[in-house]
Asks: 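Dropping a structure here in structure tokens format, bear with me for questions.
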Protein chains: 2
Amino acid sequence: MQEKIVNSLKEHGLKATPQRVTILSSIDKKGHANIDEIFNDAKVSHPTMSLATVYKNVTSLVEMHLLKELALTNEKSKYEIAKSPHSHLICKKCGHVEDIMLSDPLAENCNRLANSNSFKLEEFELNIYGICKSCLGE
Amino acid sequence: MQEKIVNSLKEHGLKATPQRVTILSSIDKKGHANIDEIFNDAKVSHPTMSLATVYKNVTSLVEMHLLKELALTNEKSKYEIAKSPHSHLICKKCGHVEDIMLSDPLAENCNRLANSNSFKLEEFELNIYGICKSCLGE
DNA sequence: GTGTCTGCAAATTATTTGCACGTTG
DNA sequence: CAACGTGCAAATAATTTGCAGACAC
């Protein structure tokens, strides 16, 4: 698993330092995390990690398309491992973010929307805000 | 026009101060603006306006649902006058944000996505990133 | 008149930077 | 060993707060 991360870093032209591996595996485990969550998580396995290192690395990992930023209403951006397009269910109560697959018709719809406005679509994001299953159950 | 803004403020239980009217009409004219843009714009007609006042007011206007925050990837949040649901074309080159109507099938699609995940949808946002018409023409 | 709002300055929080040293490839 | 990355401390930027005076209603 670490192996995979190390390879991924190298493929993207970044050195595989323990700090980077820690950051990536933390995000991978959590699914989505903001800077503070990454930092606190990383400190457990790597106590000397500095916050500046987290900032610098998250920035370069985003630039190298290994991470993706998820800008959120009312809270700090979260980061996720870059993977195939999907959409998000964001719980307004607990803040949990859940990935969901989006349907082809929906993607098609977005393409049409962009086209009919002479806009060159590069990517789109669909974020659904509300209350998650587990918060509903309480 | 100012009249409308004044009424809107009062209806939402906020005092209609000149600062607030200025902030709202600036956003209304621009369509979408971030804190700095609002501040710089407001200073023209109201030179003594302080940045803290902009922050405080934008916060309360969002709380009172008169404004809506638009969280963006890679740039500061922009604010828009709250109005019926719509989606956004966001230009990665010039930063311009354009509102577009979303189709019923698309909204229906989102409802279904949420339902099938036992998620209580409150609202959703569809942001399309790419290059706008005018930047394409250059 | 009174409670809310403003402007200012100071406090806090968030992010970036410079640099000496350590590590990866 | 060369380039790149780290940790620390200091610098900047962004946002919030406290408070005294001003204004809306």
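Order of the sequence lines fixes the chain letters, A, B, ..., with proteins taken first and strands second; residue numbering starts at 1 for each chain. Quick caveat: nothing in here was measured; it's all calculated off a predicted structure.
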Asks: Whether A/Lys92 and B/Glu123 form a salt bridge (side-chain N of Lys/Arg under 4.0 Å from carboxylate O of Asp/Glu) is what I want to check.
Replies: yes
Asks: Rounded to the nearest angstrom, tell me the gap between atom CD in B/Glu63 and atom P in C/dC5.
Replies: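 Rounded to the whole Å, the gap is 11 Å.
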Asks: Assign a letter to each nucleotide of nucleotides 3-9 of chain D from its 5' end: B, base within under 4.0 Å of a protein heavy atom; S, sugar-phosphate only; -, no contact.
Replies: BSSSBB-
Asks: For a side chain to side chain contact (heavy atoms under 4.5 Å, CB included) check, start with the C-alpha distance between B/Glu125 and B/Asn127, then their side-chain angles and the critical distance, and finish with the verdict.
Replies: CA-CA 6 Å; B/Glu125 59 181 16; B/Asn127 296 324; 3.9 Å; yes
Asks: Determine whether B/Ser77 and B/Leu70 satisfy the following criterion, side chain to side chain contact (heavy atoms under 4.5 Å, CB included), listing intermediate values before the conclusion.
Replies: CA-CA 5 Å; B/Ser77 287; B/Leu70 173 56; over 6 Å; no
Asks: In whole angstrom, give the distance that lies between atom CG of B/Asn74 and atom P of C/dT15.
Replies: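 Distance check: B/Asn74 CG to C/dT15 P gives 13 Å.
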Asks: Please report the distance, rounded to the nearest Å, between CG in B/Leu61 and C1' in C/dT6.
Replies: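 Distance, rounded to whole Å: 14 Å.
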Asks: Using whole Å, what does the distance between atom P of nucleotide C/dA14 and atom CG of A/Asp36 come to?
Replies: 6 Å
Asks: Rounded to the nearest angstrom, tell me the gap between atom CD1 in B/Ile35 and atom P in D/dA13.
Replies: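 Between P of D/dA13 and CD1 of B/Ile35: 17 Å.
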Asks: Rounded to the nearest Å, what distance is computed from the CZ atom of residue B/Phe39 to the C1' atom of nucleotide C/dT6?
Replies: 13 Å
Asks: Hey, does B/Ser8 have a side-chain heavy atom less than 4.5 Å from the side chain of B/Leu66?
Replies: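 Counting from C-beta outward, B/Leu66 and B/Ser8 do come under 4.5 Å.
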Asks: Using the test ring-ring contact (aromatic ring centres under 6.0 Å, His included), find all partners of A/His86 that sit at least two apart in sequence or belong to another chain.
Replies: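 By the ring-ring contact (aromatic ring centres under 6.0 Å, His included) rule, A/His86 matches A/His88.
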Asks: Using atom CD of B/Glu69 as one end and atom C1' of D/dT15 as the other, report the distance to the nearest whole Å.
Replies: 13 Å
Asks: Starting at OH of B/Tyr79 and ending at P of D/dA14, how long is that distance when rounded to a whole Å?
Replies: 13 Å
Asks: Testing the basics here: between B/Arg20 and B/Ser60, what is the closest heavy-atom pair and its distance to 0.1 Å?
Replies: NH2-OG, 4.2 Å
